[in-house]
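Notes to accompany the following structure.
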Amino acid sequence: VTGVQTCALPISFESPFRANPERFHPLSWYKPDPTFRLQADLEPVKKREPVILSTSDGSTRTYLTYAWAAFDYGNLRHRLLIMEVLDSGPQRGTLFLAFTDETSGSETYGAGRYLDLRKVPGATTILLDFNRAYNPYCAYNDTFSCPLPPAENNLKSAIKAGEKDFH
């Protein structure tokens, strides 16, 4: 992750800037910081159940509980829910972590940020690299429907890593 990322034309069909590419300006990121690369204990969910998340447009999206990531940061023990994507298409079966923290709404996007994670069969730990935390598309364009983090994924620490607020 670099300090600033730029977009090269042509803009992808999936891009939130496709209709108005002139609205795009370089994204702002915190300087990469190795202290935000955290090795978390991976606690698999024994009885995997659907979890329904509200979205930015008032609808819902369903995921499957996968595991808890437990780690220490800022003199606190944190526990975040990792979910598996159920949608059809190329993202199906991938892992997804949506979170908010003490920077949400001030330095970072108020509705939260995302981390994409990899499944590693039999793993007992997972790397959470918050330097790779990114904003959902709805941070740039209101026409996108983005899942909001579950209440249990509201960190009581400031994660000054990853992408900052777009505005």
Side-chain angles (χ1 to χ4, degrees), residues 1 5 12-16 18 27 29-30 32 34 36-74 76-105 108-159 161-166:
V1 177
Q5 292 193 0
S12 164
F13 177 75
E14 294 88 17
S15 171
R18 187 172 62 89
L27 303 179
W29 294 74
Y30 290 98
F36 288 106
R37 287 176 49 92
L38 302 168
Q39 197 70 31
D41 295 323
L42 191 61
E43 304 168 1
V45 173
K46 292 187 185 356
K47 185 179 177 196
R48 297 182 64 199
E49 297 179 344
V51 59
I52 299 170
L53 298 182
S54 297
T55 64
S56 57
D57 69 354
S59 61
T60 60
R61 197 166 302 160
T62 304
Y63 293 85
L64 188 62
T65 57
Y66 180 78
W68 292 94
F71 60 95
D72 296 318
Y73 180 77
L76 295 172
R77 183 76 172 165
H78 299 281
R79 201 164 175 254
L80 299 174
L81 179 63
I82 299 172
M83 296 161 282
E84 184 175 337
V85 176
L86 292 176
D87 298 343
S88 60
Q91 297 299 317
R92 184 176 180 83
T94 60
L95 300 182
F96 171 71
L97 193 156
F99 70 96
T100 57
D101 67 281
E102 295 295 309
T103 69
S104 299
T108 62
Y109 183 55
R113 293 180 287 162
Y114 299 166
L115 279 178
D116 296 327
L117 303 170
R118 287 188 28 236
K119 285 183 187 177
V120 178
T124 58
T125 63
I126 191 164
L127 178 65
L128 301 180
D129 187 352
F130 288 103
N131 293 292
R132 296 184 175 277
Y134 65 93
N135 293 334
Y137 279 174
C138 54
Y140 317 108
N141 185 326
D142 293 350
T143 63
F144 284 83
S145 177
C146 303
L148 303 174
E152 54 264 52
N153 285 7
N154 181 16
L155 292 166
K156 302 299 183 206
S157 295
I159 304 296
E163 189 175 356
K164 294 180 179 180
D165 198 5
F166 182 64

Short question: side chain of [X], backbone of [Y] - any donor-acceptor pair under 3.5 Å?
X: Asn153; Y: Leu81; answer: yes
X: Thr60; Y: Ile52; answer: no
X: Thr62; Y: Pro50; answer: no
X: Lys119; Y: Gly93; answer: yes
X: Arg113; Y: Glu163; answer: yes

Sequence-distant partners of Asn154, side-chain hydrogen bond (donor to acceptor under 3.5 Å, both in side chains), two or more places apart: Thr100
Of all pairs that satisfy side chain to side chain donor-acceptor pair (under 3.5 Å), the ones with a partner from residues 63-74, not counting sequence neighbours: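 The answer is Asp72-Arg77.
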Member of Ile82, Val120, Leu117 meeting the side-chain contact (heavy atoms from CB on, under 4.5 Å) criterion with Leu42: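 Only one of Ile82, Val120, Leu117 forms a side-chain contact (heavy atoms from CB on, under 4.5 Å) with Leu42, namely Ile82.
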Taking all non-hydrogen atoms of both residues into account, name the closest pair between [X] and [Y] and its distance.
X: Glu152; Y: Leu80; answer: O-CD2, 4.2 Å
X: Pro147; Y: Leu53; answer: CB-CD1, 4.0 Å
X: Met83; Y: Ala98; answer: CE-N, 4.4 Å

About how many Å separate [atom2] of [Y] and [atom1] of [X], when rounded to the nearest 0.5 Å?
X: Lys164; Y: Asn135; atom1: NZ; atom2: CG; answer: 12.0 Å
X: Phe71; Y: Leu76; atom1: CZ; atom2: CG; answer: 10.0 Å
X: Glu49; Y: Leu64; atom1: CD; atom2: CG; answer: 9.0 Å
X: Leu115; Y: Leu127; atom1: CG; atom2: CG; answer: 9.5 Å
X: Leu38; Y: His78; atom1: CG; atom2: NE2; answer: 9.0 Å
X: Leu97; Y: Tyr114; atom1: CG; atom2: OH; answer: 11.0 Å

Check: Phe130 ring centre within less than 6.0 Å of Phe99 ring centre: yes
Arg79 atom CZ: more than 12 heavy-atom contacts under 6.0 Å: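 Atom CZ in Arg79 is packed in, count exceeds 12.
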